[in-house]
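Read the structure below first, then the notes.
Both ligands and their constituent atoms are indexed starting at 1 by order of listing.
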Amino acid sequence: MRKAETLPAELLLSPSLQQATTLDDVRRDIGDCQRCKLAGGRTNIVFGVGNPNAQLMFVGEGPGRDEDLKAEPFVGRAGQLLTEIITKGMKMRREDVYIANVIKCRPPENRNPEPDEISACQPFLLRQIEIIRPKVIVALGTFAAQTLLGQRTPISRLRGHWYDYRGTKLMPTLHPAYLLRNPADKRLVWEDIKMVLRELESPA
Ligand code: URA
């Protein structure tokens with residue numbers, strides 16, 4: 001298995017975040033966040049949704065317009081496709097998995113998040129993952145995969161391979177928004193998802 005290039009968690013987590021033991025604690029620590037310049041443009045902080053004891057966690061890039069308005073990740077068109085992957089492809093319920101993003105506030109015009117915004121927000125995702133302790137993380141798209149893995153390798157080369165992310169198995173795959181533009185590549189995601197399903201079904 002390939003290994004993610006990660007910094008020690010203690011270097012990233014503030015003392016109060018290290019003390020957070022539930023997702024509600026993490027959300028309280030975020031508060032009315034003003035830690036980066038995305039604060040000014042957001043309607044809502046999009047924290048994450050789903051089962052706090054999920055075996056499977058999806059991590060996307062950041063909220064778009066629909067997510068910003070509803071305060072829930074993946075509720076727009078790309079979200080509908082992700083929901084179909086979960087319910088029709090994996091035969092699971094959306095409420096049984098956990099869904100979050102690297103960035104919790106919508107970037108203006110949906111531009112890519114910038115390095116200072118990522119550094120401000122990443123500790124919260126890290127703590128969410130530590131608290132949920134999923135068996136498998138699926139990183140959706142270039143941005144989530146490269147951020148979590150600490151690599152600049154294109155998603156086309158990352159996807160389809162298992163990574164060890166701080167002791168948790170991580171599978172990078174293509175982003176649902178990309179699939180909306182390139183439906184022929186859905187078969188690649190299905191290959192990745194089948195590997196995820198096999199892992200979820202394997203004993204411990
Ligand atoms: N794209 C993402 O990466 N995250 C969302 O929450 C919605 C769209």
Side-chain angles (χ1 to χ4, degrees), residues 23 26-27 30 33 36 38-39 41-52 54 56-87 89-90 92-115 117-129 132 134 136-156 158-159 163 165 170-183 185-186 188-189 192-193 196:
L23 292 175
V26 179
R27 182 63 190 85
I30 294 176
C33 187
C36 87
L38 296 180
R42 72 166 180 249
T43 314
N44 287 296
I45 291 173
V46 182
F47 178 69
V49 71
N51 180 353
L56 174 61
M57 179 164 178
F58 290 91
V59 176
E61 175 172 330
R65 192 171 140 270
D66 297 304
E67 290 78 20
D68 173 63
L69 291 174
K70 293 206 178 131
E72 181 173 335
F74 284 99
V75 290
R77 277 187 70 221
Q80 279 169 25
L81 181 51
L82 176 62
T83 304
E84 275 181 25
I85 292 170
I86 295 167
T87 57
M90 307 185 83
M92 296 172 78
R93 297 185 315 167
R94 185 175 149 109
E95 53 270 39
D96 290 339
V97 306
Y98 196 87
I99 308 174
N101 284 307
V102 174
I103 291 288
K104 312 250 180 272
C105 295
R106 181 194 183 197
E109 316 301 332
N110 297 339
R111 66 155 167 74
N112 284 338
E114 294 175 355
E117 298 157 1
I118 300 165
S119 342
C121 219
Q122 215 182 352
F124 304 110
L125 175 64
L126 169 57
R127 197 67 186 137
Q128 282 174 298
I129 294 171
I132 296 166
V136 172
I137 298 169
V138 175
L140 297 166
T142 307
F143 181 81
Q146 291 186 345
T147 304
L148 290 173
L149 299 178
Q151 299 190 14
R152 288 283 151 251
T153 312
I155 187 69
S156 56
L158 295 173
R159 62 148 291 276
Y163 284 80
Y165 171 79
L170 184 149
M171 174 61 68
T173 195
L174 305 172
H175 195 287
Y178 167 87
L179 293 182
L180 290 173
R181 300 189 302 272
N182 301 276
D185 281 349
K186 282 185 186 172
L188 297 176
V189 171
D192 303 342
I193 290 296
V196 168

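- Checking only distances, G62 does come within under 3.5 Å of ligand 1, N or O to N or O.
- Between F143 and P113, some side-chain heavy-atom pair lies under the 4.5 Å cut-off.
- Contacts between P73 and ligand 1 below 4.0 angstrom, taking non-hydrogen atoms only, involve backbone and side chain alike.
- No side-chain heavy atom of V97 sits less than 4.5 Å from a side-chain heavy atom of M90.
- Of the heavy atoms in E67, only side-chain atoms (C-beta onward) come closer than 4.0 Å to ligand 1.
- Between the OG1 atom in T153 and the CD atom in Q146 there is a gap of 7.0 Å [rounded to 0.5 Å].
- Given atom 4 (N) of ligand 1, the protein heavy atom at minimum distance is N101 OD1, 2.8 Å.
- Rounding to the nearest 0.5 Å places CG of D68 at 3.5 Å from OG1 of T43.
- Considering CG of L188 and OG1 of T173, their distance stands at 7.5 Å, rounded to 0.5 Å.
- Ligand-side atoms of ligand 1 in range of G60: 3 (O), range being under 4.0 angstrom from any heavy atom.
- Scanning the protein for heavy atoms near atom 8 (C) of ligand 1, the closest one is F74 CE2, 3.8 Å.
- Between H175 and ligand 1, an N or O atom pair is found at a separation short of 3.5 Å.
- Salt bridge status for E84 with K186: absent, with no side-chain N to carboxylate O gap under 4.0 Å.
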